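Here is the structure we will look at, set down as structure tokens.
Remember, it's a predicted structure, so these values are computed and weren't measured experimentally. Throughout, residue positions are numbered sequentially from 1 according to the sequence presented. We count ligands from 1, going down the list as the structure has it; atoms in each ligand are counted the same way.
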Amino acid sequence: MLEDYYREEHDIFRESFRRFVAKEITPNVEQWEQDRAVPRELWVKMGNEGFLCPWLPEEYGGLGLGFEYSVIINEELVRGDGFGVGVPLHSDVATPYIYSYGVSEAKERWLRGCTSGEIIAAIGFTEPNAGSDLAAIKTKARREKDTYVINGQKTFITNGYFADLVIVAVKTDPGAGYKGVSLIVVEKDTPGFSRGRKLEKMGYHMQDTAELFFEDVRVPARHLLGEEGAGFKYMMEKLQQERLEVSIKCQVMAEECLGEALKYAKAREAFGKRIGDHQYNAFRLADMATEVQLGRTFLDCLISDHISGKRIDLKASMAKYWLGEMVNRIAYQAVQIHGGYGYMEEYRICRLYRDVRALSIFAGTSEIMKLIIGRKLGFSPG
Ligand SMILES: Cc1cc2nc3c(=O)[nH]c(=O)nc-3n(C[C@H](O)[C@H](O)[C@H](O)COP(=O)(O)OP(=O)(O)OC[C@H]3O[C@@H](n4cnc5c(N)ncnc54)[C@H](O)[C@@H]3O)c2cc1C
């Protein structure tokens, strides 16, 4: 049970992060949405307070805390409208690649910056012609003595515009399919590395999402993570925590959408009674509340499995699929409960609706999750 992991110190941490979000993030959300960016100072402030990569050992500037603390940060960011702040991706998705597979020199060079907020990390896997099918990426890296020379292009990269380092999936052996995939870290000022425009998205407006270009980018061979050709295996390992991280977002956003719908259904009247007192809407809200509760129960069980070190491949795919779809259903119904006001920017549900749309797409689409689940059930879906 997840409750078994939470102690008084978790409550204190949650309270302190909640206060931070209320002071430093929530009041600025509107401005950052317009700016299409979160200022760098926020990263440094979060670093100063120990809110970046709190799981990293003290020798790298972290606090050596358990995954529960990453869960708390992720949850409270969403509750405080900071779901566009790319911190969970930085702390719990990108940085673990460096910690797990980087050589000691690489860890020394980057990890302290990742905890202090001086370094923002990103994951560069997707390409214009390869997203779900990552074995089909075309970006190449050829070894020349002590360097790799990278050529190619990435797209849709979260934190991509401001990232100081990007973990790039490349082909080191283009003829070897997924066995030819490697992961290499590219630093922002490396000659030949450039960023395209900040992409205009349907939602997540405060998050910088960008295209990245690599033209004869030379990086030292020590920037290779782990072994050449093992990149796909590393991705499959780390994608579990990424899917869990996105599942947490899905669940909390569903809870927030439900909260907004309940509030509105109690406040708004039509035909002489509260919106929620019309039987259709009471039943609709009952369905929504039930789905959200089911999601929470499943998610907490998954988080607790992950904390206890169990393999979560199957359940993480199920959670990413089901919660990603569930939050979209809940957001749709929550807007419907709001009527025309749900379509207006001054209502929080409007932004939530826009933002949840990406959740069934990134970190593996619902279809790909079903493919994985089908395979785990012993079938061979094409
Ligand atoms: C806001 C946002 C942020 C992102 N951040 C990052 C990031 O930081 N780093 C990164 O590397 N990527 C990132 N992505 C990319 C994301 O991971 C991909 O968009 C996603 O994996 C899908 O790939 P695709 O867009 O190429 O779609 P495609 O792979 O072209 O798929 C198109 C459609 O076909 C379906 N499909 C594909 N293959 C199959 C199949 N075998 N069976 C059935 N259906 C199939 C898909 O499910 C989808 O519905 C981000 C995307 C978004 C929208």
Quiz item: Parallel under 30°, tilted from 30 to 60°, perpendicular over 60°: which one fits the rings of Tyr341 and Tyr347?
Solution: tilted
Quiz item: Can you tell which part of Thr158 has a heavy atom less than 4.0 Å from ligand 1: side chain, backbone, both or neither?
Solution: both
Practice problem: Would you mind checking which non-hydrogen protein atom is closest to atom 50 (C) of ligand 1, with the distance to 0.1 Å? | Solution: Phe156 O, 3.3 Å
Quiz prompt | Full working for side chain to side chain contact (heavy atoms under 4.5 Å, CB included) between Asn151 and Val217 | solution = CA-CA 7 Å; Asn151 281 286; Val217 174; over 6 Å; no
Quiz prompt | Qualifying salt bridge (charged side-chain N to carboxylate O under 4.0 Å, His left out) pairs, either residue in residues 280-291, two or more places apart | solution = Glu291-Arg329
Quiz item: Does a salt bridge link Glu367 with Lys370, judged by any charged N lying under 4.0 Å from a carboxylate O?
Solution: no
Practice problem: Determine, considering heavy atoms only, which of Asn129, Val93, Asp355, Thr365 sits nearest to atom 22 (C) of ligand 1. | Solution: Thr365
Quiz prompt | Nearest candidate to atom 15 (C) of ligand 1, where distance is taken over non-hydrogen atoms, out of Leu371, Thr155, Thr126 | solution = Thr126
Self-check item: Phe214 atom CZ, over 12 foreign heavy atoms within 6.0 Å
Solution: yes
Quiz item: With sequence neighbours left out, what residues match Phe298 under side-chain contact (heavy atoms from CB on, under 4.5 Å)?
Solution: Lys315, Met318, Ala319
Practice problem: From the options Glu367, Met202, Arg357, select the one whose nearest heavy atom is closest to atom 45 (C) of ligand 1. | Solution: Glu367
Quiz item: Would Glu59 and Arg112 pass as an ion pair if we require N to O under 4.0 Å?
Solution: no
Quiz item: Taking all atoms of both residues into account, what is the closest heavy-atom pair of Tyr161 and Asp208, and its distance?
Solution: N-OD2, 2.9 Å
Exercise. Look at atom 40 (C) of ligand 1 and say which protein heavy atom is nearest, naming residue and atom and giving the distance to 0.1 Å.
Key: Ile368 CD1, 4.1 Å
Quiz prompt | Is_contact(atom 36 (N) of ligand 1), protein non-hydrogen, under 4.0 Å | solution = no
Quiz item: Who's the nearest protein heavy-atom neighbour of atom 52 (C) of ligand 1, and how far?
Solution: Phe362 CD2, 3.9 Å
Quiz item: Applying a 4.0 Å heavy-atom criterion (strictly less than), which segment of Ala169 is in contact with ligand 1: side chain, backbone, both, or neither?
Solution: neither
Practice problem: Considering the heavy atoms of Ala363, write down every atom of ligand 1 situated less than 4.0 Å from one of them. | Solution: 17 (O)
Practice problem: Return the residue, atom name and 0.1 Å-rounded distance of the protein heavy atom closest to atom 20 (C) of ligand 1. | Solution: Ile361 O, 3.6 Å
Practice problem: In sequence, state the C-alpha distance, the side-chain angles, and the governing distance for Phe13 and Tyr69, and then conclude on ring pair (Phe, Tyr, Trp, His ring centres under 6.0 Å). | Solution: CA-CA 8 Å; Phe13 184 89; Tyr69 291 87; 4.8 Å; yes
Quiz prompt | Heavy-atom nearest neighbour of atom 28 (P) of ligand 1 within options Ser360, Ser132, Gly131 | solution = Ser132
Quiz prompt | Partner of Trp55 under ring pair (Phe, Tyr, Trp, His ring centres under 6.0 Å), chosen from Tyr60, Phe67, Tyr99 | solution = Tyr99
Exercise. Go through ligand 1 atom by atom and flag the ones less than 4.0 Å from a non-hydrogen atom of Ile123.
Key: 7 (C), 8 (O), 9 (N), 10 (C), 11 (O)
Quiz prompt | Any protein heavy atom < 4.0 Å from atom 32 (C) of ligand 1 | solution = no
Quiz prompt | Contacting atoms of ligand 1, where contact means under 4.0 angstrom from a heavy atom of Ile157 | solution = 7 (C), 8 (O), 9 (N), 10 (C), 11 (O)
